[in-house]
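Here the structure is laid out as structure tokens; the discussion comes afterwards.
Every chain is numbered from 1, with letters handed out A, B, ... down the list of sequences. Hydrogens, waters and symmetry mates are skipped; everything else that's a heavy atom, side chains included, is used.
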Amino acid sequence: MDNKNRLKDGGRIDRSSVLKFSFNGQNYNGFKGDTLASALIANDVMVTARSFKYHRPRGVIGIGVEEPASLVELMGEAASGNNLSTTVLLKSGLKAKSINCWPSVDFDLGAITQIFSKFIPAGFYYKTFKWPNWHLFEPSIRKAAGLASAPKSPPKNGHFESRNAHCDILIIGSGPSGLLAALIAGRAGANVFLIDQNSEAGGSLLNLKLEINNKPAMSWVSEVVSEISKMPNVLHLQNSTAWAYREHNLVIVNQREINDSSIIERSWRVRTGKTIIAAGAMERALVFANNDRPGVMLASAVQGYLNRYAVKPGNNIVIFTNNDSAYTCIKDFQNAGIKIAAIVDSRFEIPVNVLRSAEGVDVFSGSIIKNVTGYKKVTSVVIESIVDKKSEIIVCDLVAHSGGWNPTVHLHSQSRGTVRFDEKIAAFVPNKDVQNASSVGACNGNFALIDLFEETKVVINKTLADINLYIEFDDHLDCEAETYSIVPLWNTNLSKEKSKAFFDIQNDVTYDDVQLALREGYSNVEHVKRYTTGGMGFDQGKTGNINIIGTIAMQEGVGLGEVGTTTFRSPFTPVSFGSISGVREGSVILPFRHTPVTQWNHDKGAFMYEAGARWRRPGYFPKAGEDFQEAVNRECRAVRTGVGVYDGSPLGKFELKGKHVGEFLDLIYTNVMSSLSPGNGRYGLMLSEDGLIFDDGVAFRVDENRWLISTSSGHSDGVNHHMEKILAFDRPEWDVKITGITNQWNNATICGPKARDLLAKLGTDIDLSQTAFPFMALREGLVANIPARVIRVSFTGELSFEINVSPRNLLNLWEKIMEIGSEFGILPVGSEASHVLRVEKGFLSLGHEVDGTVDAYDLGMGWIMSKKKTDFIGKRSVHLRRDLKKTRRELVGLLPNDPNEAIPEGAPITPEGQKRATEGFTTACVWSVVNDSWVGLALLERGHSRHGETAYVRLQDKVIRAKIVPPVFHDPKGQLLRS
Amino acid sequence: MLLINCPFCKNRNETEFVYGGPVGVNRPDPNISTDTEWVEYLTLVPNPTGPVQEYWWHARGCGKWFAITRNTVTHDILETQDGQ
Amino acid sequence: MQNYSLFSLAKNAFTGHRNWQKAWRSPPLKDEYDVIIIGAGGHGLATAYYLASEYGITNVAVLERGWLGGGNVARNTVTVRSNYLRDQSIPFYVKSVSLYEGLTKNLNFNMMHSKRTMVDVVHNYPKMRDLRRRQLTMDIYGSSYEQISTEQVRKLIPALTGGGANSRLPIIGGMVHKDAGVNRHDAVAWGYARAADSLGVEMHQQTGVKSLIRGTNGNIEGVDTVKGIVKAKKVIVSVSGHTTTLTETAGLRLPLRTMNLTAFVSEPIKPLVDVIVNCSDLGFYFSQSDKGELVIGGAPDSGQSFRRDIKQHVFEDTVGAMLELFPAFKKLKLLRQWGGHLDITPDASPIMDETSVSGLYVSAGWWGGYKAIPAGGLTMAHQVATNSPHPLMADFSFNRFKNLDYILETGTTTAR
């Protein structure tokens with residue numbers, strides 16, 4: 001029968017909007033406003049899941065995020081791993097299924113494990129599955145565990161969004177406390193952000209039939225919601241969960257069900273002045289034999305299904321409790337036509353006013369539920385008196401139990417506030433706040449409406465006063481003075497009970513499991529959790545952990561405060577990764593850097609690489625049918641015999657101005673820079689204070705107090721940081737100003753014997769003769785009618801001009817170079833060819849030869865370590881290291897005995913090629929067109945004194961012999977680049 | 001994500017800043033200090049479970065360098081010192 | 001100690017599991033021991049076990065300020081591997097991996113050690129070069145590392161649907177390290193503790209050490225704990241991030257700074273990923289636990305911290321990078337996250353050595369110390385027992401800092 005358990009009227013569902021959905025292949029109807037759980041219960045679907053270890057049938061137990069049992073997998077576009085049926089909002093066409101059962105939730109073959117249950121207590125896998133090894137068992141264990149499948153593809157429609165928000169007061173929870181706080185603060189003019197995880201405001205009031213000012217409490221809720229919706233200074237969001245409380249009052253909120261269908265979820269990073277945590281409390285379970293049977297539910301959940309969703313989960317109910325709150329259900333049950341077969345209260349003395357509300361109902365005080373009968377549905381319970389053990393069977397189809405209430409201290413705890421155990425309500429409550437936050441209402445242990453309203457007023461007024469806001473608030477808030485008293489019942493003395501009683505329903509953790517853990521000495525609350533896996537499931541033990549803590553306390557003879565809780569960690573409830581990542585996507589993540597020539601490279605078919613600092617650079621420019629080596633050879637040949645051009649824009653560049661730049665450069669470089677006259681430059685090495693090579697580059701003096709330095713493209717940010725820090729703290733008295741100009745000056749570098757001819761043909765007013773424009777000089781003027789700074793640096797070993805222009809002119813310059821250079825056989829040069837050319841010259845490459853173990857002397861660059869300067873960064877450390885007189889690895893060249901045998905980069909060199917500790921490694925190896933051979937560079941122990949000897953390069957399958965030579969294979973005297 | 005009080009810009013998110021390392025001893029004169037003193041300068045930093053002084057650079061903001069005193073356990077920022 | 005086996009499990013099943021003994025005793029704290037180990041983490045417990053089992057030194061107390069195995073070993077991403085760069089490092093980790101593989105048998109406790117291939121997913125050529133460089137040196141020491149194509153990467157990781165040729169971060173290939181593995185971290189701690197206890201080592205939880213005590217000759221004399229003074233001529237400090245907190249009480253300053261490292265897990269899902277996925281260029285790695293959760297880790301946060309918490313912007317970046325390669329995970333959910341603190345040395349390689357205070361030993365600077373637990377414990381036990389460093393750890397001494405003789409795993413400049 002359709003909606004068999006739906007009450008004829010009442011509830012907050014919209015009966016005019018019928019929604020069709022399917023569960024495990026069966027079709028059902030529900031209403032707008034239902035959750036999947038309420039709609040299933042309405043349709044009398046009482047078995048919705050199977051537990052993951054024992055495959056016992058389970059139904060819905062709770063009504064919200066505390067739900068431990070009813071996990072479902074959504075299908076189609078909605079697929080999103082595991083979901084609680086109690087939090088899935090019913091939508092038209094929703095398709096869901098149970099997980100972890102086969103062939104169906106009603107008939108699950110997995111249940112066969114129950115036969116073996118005595119062999120698989122908690123932690124059984126630590127004791128067995130050891131032989132022959134874990135691998136034999138692992139695949140089946142993995143298949144059996146794991147719940148829903150991961151979604152197979154990203155969402156087809158919609159995207160995730162993120163926002164940053166700032167507010168004076170963040171109020172978490174729109175229950176009575178939160179609403180009141182928002183109302184007062186909103187009227188006072190504070191900037192308020194009110195959020196709540198539920199689909200509508202009201203908190204616990206949604207599930208109860210309380211009265212405020214002699215009207216239904218929900219009318220008061222509507223009035224408040226309406227008033228604050230008109231306040232421009234209040235932002236009110238429902239379906240929004242505050243899931244993390246970070247440092248400095250940063251709270252992360254995940255907003256769902258956004259009015260814009262193109263946004264799947266929105267993440268808010270809220271930096272708040274003050275946080276008011278009004279997160280309410282969650283009811284906790286009682287632990288008794290077979291407390292997991294479908295039809296055994298939390299009392300407040302049954303009450304909520306009745307009042308909020310007009311759903312009756314049963315007709316003949318037994319209430320089991322240890323506190324007053326379950327008694328508030330009685331009237332609601334009776335009004336809905338549910339017969340109350342019995343109230344079982346473990347307390348020996350029940351407060352008179354509470355008993356009054358149970359008039360006409362059989363109350364069994366000082367009693368517990370000993371057992372529940374029924375497998376897929378409750379059929380009866382066995383009640384037992386605690387003292388004389390007299391028992392009685394009561395027929396019923398629904399058990400509503402309440403073990404008391406847990407103030408929701410999660411966010412408070414995440415903020416690093418402490419908790420303490422409050423004996424009066426037998427629960428953990430907030431103790432001290434360490435950030436600017438306060439907990440109010442039920443989450444602070446104040447359950448009665450009248451009390452929490454008072455508390456809220458005090459707290460919010462103080463909060464407003466702290467930010468110099470005041471408001472007179474005298475709205476009436478008349479409500480009943482409810483009482484709450486409880487006698488804790490952490491378990492029902494199950495030491496001789498054969499049936500299973502569950503602490504953690506989701507992970508199938510039983511009373512016996514916890515006893516076993518304690519017996520084996522895993523008595524710290526964290527050990528019990530890890531050993532039994534209690535509290536480690538999707539619900540993170542929201543309804544059951546306290547009972548484990550209480551049981552440990554009883555067993556160890558200490559108070560619950562001493563046992564403590566396991567750590568509360570974010571997220572409060574599971575959050576999708578998409579929401580966390582927000583708009584990070586594609587090109588927005590790590591945007592790559594490009595120059596005005598990057599597109600030209602693409603168009604010319606260059607094979608593009610991503611180089612240091614995310615620069616997009618061309619690797620090589622293959623012609624049709626060419627392979628990598630052929631293309632690179634062609635480019636190298638062009639540079640060595642004609643002219644090539646490459647885009648050197650990515651190199652880091654800084655302009656330094658001031659009186660002390662010269663001294664500053666002398667401090668940060670190993671060689672002397674201050675002696676440079678305007679128009680001249682020098683190659684320099686930069687060390688870090690611990691003597692390791694940090695960067696290399698060139699420094700040019702433009703005029704008296706103006707300098708230009710360039711760094712490697714990968715380290716430019718690091719060099720910037722390094723320079724800035726020294727000037728800020730070590731030499732604050734120096735007049736040096738740094739301006740990063742990497743993006744302000746781009747360059748096209750032409751290199752090769754014909755470079756000067758090409759430059760002349762481009763047209764320039766700069767005197768290009770060797771005497772007027774020597775190597776390492778800087779000249780300014782026009783090139784091809786474009787204002788330019790031309791620098792004679794060479795990273796290829798050939799005659800080379802780096803033509804620096806403003807970015808808007810680079811492409812124009814580049815195209816002119818290509819056009820006019822064609823008569824000289826010009827080719828664009830990629831990074832692969834540049835690499836070959838520099839290896840042939842033995843020039844330093846930070847990513848290759850600089851290994852963290854070698855210094856300038858090892859690299860044969862002792863000349864760059866100034867002996868004149870008494871101090872420069874790194875000097876002391878380099879010598880300190882060398883004082884060890886350890887065998888140094890030194891830069892050498894390698895010529896494989898077989899010129900056609902390539903040596904893989906990184907290949908180790910060992911004595912005689914034996915399998916033993918390395919004495920060096922190959923830093924680079926390239927095919928050298930000009931030498932018609934593979935040539936390599938290596939760092940090798942005592943390399944400088946081993947020229948002429950053989951090095952043995954050890955690979956996995958062979959040993960390559962190579963001659964050790966000086967690390968230069970072209971123009972060793974360096975005449976070409978000075979020409 | 002810390003909220004850092006830049007001396008010039010006031011409170012800004014940590015993402016606008018670059019961490020500059022702990023404030024240690026001033027750079028000793030490398031020509032006078034002993035090997036031990038030099039190595040200590042390079043390798044020893046205060047590592048308290050409590051307030052530590054460290055440099056920050058408002059690199060993605062005003063460019064100011066300054067120091068703060070931050071508690072390494074709670075991350076409370078106790079003081080901001082203008083470096084320049 | 002009581003034997004754990006299928007047989008004993010079955011036998012005990014029939015007596016309601018009432019006869020299992022405590023995994024370790026809680027004896028009263030004595031006045032004196034031969035060796036005190038501070039920190040019942042992976043390294044401390046392993047050291048205790050090997051002191052007893054290899055060197056017969058059993059008059060040992062492990063002092064833990066909280067609950068046993070509650071430090072970094074409790075919050076680990078459990079990647080066991082040996083793909084390091086330096087000759088000093090590789091053999092140490094190879095030994096550790098091999099010890100892990102035999103640990104279940106040796107300790108009679110199921111570590112649930114699962115040998116898994118680790119796959120490096122590579123996006124740029126410099127990274128590929130760096131990894132290939134390791135390959136050939138690792139080969140000398142018996143650790144395998146091979147380069148694979150992009151197609152092979154996708155075959156090993158079918159869930160890796162991003163990183164295509166037209167995406168922002170196209171994959172250019174990968175490396176496989178077949179000697180890697182994962183296991184159950186609590187089992188490692190409990191297994192070592194139980195085995196050490198059965199040999200006579202004492203476990204003392206909730207016994208925080210307030211300070212180290214030096215004698216008049218300057219040597220270590222013992223420790224002052226919350227339960228009183230305990231004497232020992234040999235004290236080992238293996239407390240991860242809090243190393244300097246303790247050593248400063250002995251007047252020692254060590255080259256360590258404490259940083260925060262975080263990890264997170266997804267909700268449990270059906271088996272999806274059978275390898276350990278490592279994307280060092282993007283800064284994250286993960287594997288799937290036997291329970292079905294994806295266990296994901298990233299790089300440490302900058303700045304010194306003992307807070308053991310999450311830096312939101314760093315976390316978001318890590319997740320964003322992960323989704324770039326695994327876009328189907330967008331609707332998958334985060335279940336839990338946490339931070340731990342570790343201490344780092346100037347060269348990011350660990351220190352295992354006796355300090356300048358005679359009798360005081362330190363095992364610290366571990367960034368990636370989980371995989372090193374067995375070898376770290378074994379070599380430290382060796383040094384303490386024989387008064388000479390084990391050849392596998394001799395290079396990881398304090399001495400190397402005297403002349404800045406760093407062991408740099410990064411392979412290039414420090415770029416700090």
Interatomic distance, OG@C:Ser305 vs CD@A:Glu247, rounded to 0.5 Å, equals 7.5 Å
NZ (A:Lys915) and CD1 (C:Ile140) are apart, to the nearest 0.5 Å, by 8.5 Å
The interface call for A:Ile580 against chain C, heavy-atom contacts under 4.5 Å, is both
Salt bridge between C:Arg129 and A:Glu905, side-chain N to carboxylate O under 4.0 Å?
-> yes
Under 4.5 Å to a heavy atom of chain A? For C:Asn183 that would be neither
**Item:** Test item: C:Asp87 side-chain N/O and A:Thr918 main-chain N/O as donor-acceptor pair under 3.5 Å
**Value:** yes
Under 4.5 Å to a heavy atom of chain A? For C:Glu293 that would be side chain
Without swapping roles, check the side chain of A:Arg519 against the backbone of C:His17 for a donor-acceptor pair under 3.5 Å.
yes
Honestly, the part of A:Lys886 sitting under 4.5 Å from a heavy atom of chain C is side chain
For this session: Could you give me the CA-CA distance, side-chain angles and deciding distance for A:His527 and C:Trp190, then say whether side-chain contact (heavy atoms from CB on, under 4.5 Å) is met?
Result: CA-CA 10 Å; A:His527 284 154; C:Trp190 298 341; 3.7 Å; yes
Whatever's closer than 4.5 Å to a heavy atom in chain A on C:Ile310 counts as both
**Request:** Evaluate the criterion side-chain contact (heavy atoms from CB on, under 4.5 Å) for residue pair C:Leu404 and A:Leu692; output intermediate values, then yes/no.
**Result:** CA-CA 10 Å; C:Leu404 304 175; A:Leu692 296 173; over 6 Å; no
Okay, A:Phe592 and chain C: the region with an atom under 4.5 Å from a heavy atom over there is both
### Task
Using the ring of C:Phe264 (Phe, Tyr or Trp, six-membered ring only), decide whether A:Arg569 places NZ or CZ under 6.0 Å from its centre and within 45 degrees of its axis.
no
From the list A:Leu955, A:Val953, A:Thr922, side chain to side chain contact (heavy atoms under 4.5 Å, CB included) with C:Leu136 holds only for A:Leu955
So, the part of C:Asp139 with a heavy atom under 4.5 Å from chain A: the answer is both
Open item on the list: Pairing donors with acceptors under 3.5 angstrom, does anything connect the side chains of A:Arg142 and C:Gln288?
Closed with: yes
Worksheet entry | Salt-bridge present (A:Arg881, C:Asp405; N to O < 4.0 Å) | no
Turns out that what part of C:Gln206 lies under 4.5 Å from chain A's heavy atoms comes down to side chain
query = Taking A:Arg530 for the side chain and C:Ala74 for the main chain, is one N or O donor matched with an acceptor at less than 3.5 Å?
reply = yes
Any chance the rings of A:Tyr609 and C:Tyr125 have centres within less than 6.0 Å? yes
Under 4.5 Å to a heavy atom of chain A? For C:Glu316 that would be both
- Query: Under 6.0 Å from the six-membered ring centre of A:Phe921 and within 45° of its axis: does the NZ or CZ of C:Arg133 meet both?
  - Reply: yes
Honestly, the part of C:Thr161 sitting under 4.5 Å from a heavy atom of chain A is neither
On a heavy-atom basis, the closest approach of C:Leu335 and A:Pro574 is CD1-CG, 4.1 Å
Report the relative orientation of the aromatic rings in A:Tyr126 and C:Phe109; use parallel for angles under 30°, tilted for 30 to 60°, perpendicular for over 60°.
tilted
Any C:Leu332 side-chain heavy atom under 4.5 Å of A:Pro151 side chain:
yes
Under 4.5 Å to a heavy atom of chain A? For C:Leu294 that would be neither
Correct closest heavy-atom pair for A:Arg584 and C:His313 would be NH2-O, 4.0 Å
Taking every heavy atom of A:Tyr522 against every heavy atom of C:Ala23, the minimum-distance pair comes out as OH-CB, 3.4 Å
inquiry  = Does A:Thr567 form a side-chain contact (heavy atoms from CB on, under 4.5 Å) with C:Trp338? I'd like the steps, not just the answer.
reply    = CA-CA 10 Å; A:Thr567 317; C:Trp338 59 88; over 6 Å; no
Does C:Asn403 use its side chain to pair, donor to acceptor, with the backbone of A:Leu880 at less than 3.5 Å? yes
Okay, A:Asn82 and chain C: the region with an atom under 4.5 Å from a heavy atom over there is both
Tightest non-hydrogen contact, residues A:Gln956 and C:Tyr145, listed as NE2-O, 4.5 Å
Cut-off 4.5 Å, heavy atoms of chain A, and the answer for C:Asp281 is both
Okay, A:Arg269 and chain C: the region with an atom under 4.5 Å from a heavy atom over there is side chain
Tell me yes or no: between the side chains of A:Glu610 and C:Asn124, is some donor less than 3.5 Å from an acceptor? no
So, the part of C:Glu101 with a heavy atom under 4.5 Å from chain A: the answer is neither
Rounded to the nearest 0.5 angstrom, the OG1-NZ distance for A:Thr573 and C:Lys333 is 10.0 Å
